[in-house]
Q: 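Please read through the structure below; I'll follow up with questions.
Numbering of ligands and ligand atoms starts at 1, following listing order.
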Amino acid sequence: MAYDDQNVFAKILRGEIPCKKVDEDEHCLAFHDIAPQTRVHVLVIPKGAYTSYDDFSANASDAEIAALIRMVGKIAREQGIAESGYRILSNIGQDGHQEVPHLHIHIFGGQHLGRMIKPA
Ligand code: AMP
């Protein structure tokens, strides 16, 4: 899938639309989800143009991958959910119900999250 530079997260990265920023470094940006599904719901995205985890895992540099993984853990600690526990999730493609075609890792927490997945 070709990267669509008009997707909403690309616009956030270019500063064309605002976000509630949580953290940022050279390779990634973290911000609050606009429609939080749990008490803590933060998204972590790479600054590079990667459509999904599939694209990122195949094509990103080791530095970009390390930065994203470390940022997720850092955000969880900073949000105070590392001890109580949390869930990370990335939707990929059609079966994964991915809505925004720029890789994003959801961090959910601040409450008990129940079972991993709803029965189909
Ligand atoms: P998905 O692609 O299904 O993993 O989910 C996309 C997520 O992006 C949803 O949880 C949306 O609420 C969130 N979202 C969409 N637009 C924005 C925005 N402008 N700022 C923050 N989060 C957003």
Q: Side chains of Y3 and N7: do they bring a donor and an acceptor to under 3.5 Å?
A: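 Yes.
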
Q: Could you name the option among I34, I105, V42 that has the heavy atom nearest to atom 14 (N) of ligand 1?
A: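 Looking at heavy atoms only, the winner is I34.
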
Q: Which residue and non-hydrogen atom of the protein lie closest to atom 8 (O) of ligand 1, and at what distance in Å?
A: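 Atom 8 (O) of ligand 1 sits closest to the protein heavy atom F9 CZ, 3.4 Å.
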
Q: Checking the N or O distance criterion of under 3.5 Å, is ligand 1 in contact with H32?
A: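 In fact, backbone or side chain, H32 has no N or O that close.
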
Q: Purely on distance, is any nitrogen or oxygen of H106 under 3.5 Å from one on ligand 1?
A: yes

Q: Starting from atom 3 (O) of ligand 1, what is the nearest protein heavy atom, named by residue and atom, and what distance separates them?
A: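 Checking every protein heavy atom, the shortest distance to atom 3 (O) of ligand 1 gives H97 O, 3.1 Å.
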
Q: Is there a polar contact, in the sense of an N or O pair closer than 3.5 Å, between L43 and ligand 1?
A: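 The answer is no, given that L43 and ligand 1 share no N or O pair closer than 3.5 Å.
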
Q: Going by the order shown, which atoms of ligand 1 are within less than 4.0 Å of some heavy atom of F31?
A: 21 (C)

Q: Tell me the contacting part of H104 for ligand 1: side chain, backbone, both, or neither, using a 4.0 Å heavy-atom threshold, strictly below.
A: side chain

Q: Is there a nitrogen or oxygen of Q37 sitting under 3.5 Å from a nitrogen or oxygen of ligand 1?
A: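 No, there is no polar N/O contact under 3.5 Å.
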
Q: Quick check: closest heavy atoms across A30 and I75, and the distance to 0.1 Å?
A: CB-CD1, 3.7 Å

Q: Scan side-chain atoms only and decide if Y86 and Q79 contain a donor-acceptor pair under the 3.5 Å cut-off.
A: no

Q: Using a strict 4.0 Å cut-off to heavy atoms of N91, name the atoms of ligand 1 that fall inside it.
A: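 Near N91, meaning under 4.0 Å from one of its heavy atoms, ligand 1 has 1 (P), 3 (O), 4 (O).
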
Q: Do F9 and F31 have ring centroids that are under 6.0 Å from one another?
A: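 So the answer is yes for these two rings.
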
Q: Among D33, I12, V8, which one puts a heavy atom closest to atom 7 (C) of ligand 1?
A: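 Nearest option to atom 7 (C) of ligand 1, by heavy atoms: D33.
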
Q: Keeping the roles fixed (side chain from E16, backbone from K11), state whether a donor-acceptor pair exists under 3.5 Å.
A: no

Q: Give me the nearest non-hydrogen protein atom to atom 2 (O) of ligand 1 as residue plus atom name, then the distance to 0.1 Å.
A: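 Checked against all protein heavy atoms, atom 2 (O) of ligand 1 sits closest to E99 N, 2.6 Å.
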
Q: If the threshold is 4.0 Å, N to carboxylate O, is there a salt bridge linking K47 and E24?
A: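 Salt bridge present between K47 and E24.
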
Q: Over 60° means perpendicular and under 30° means parallel, so classify the ring planes of H106 and F108, tilted if in between.
A: parallel

Q: Is the backbone N or O of P46 less than 3.5 Å from a side-chain atom of H102, with the two atoms forming a donor-acceptor pair by type?
A: yes

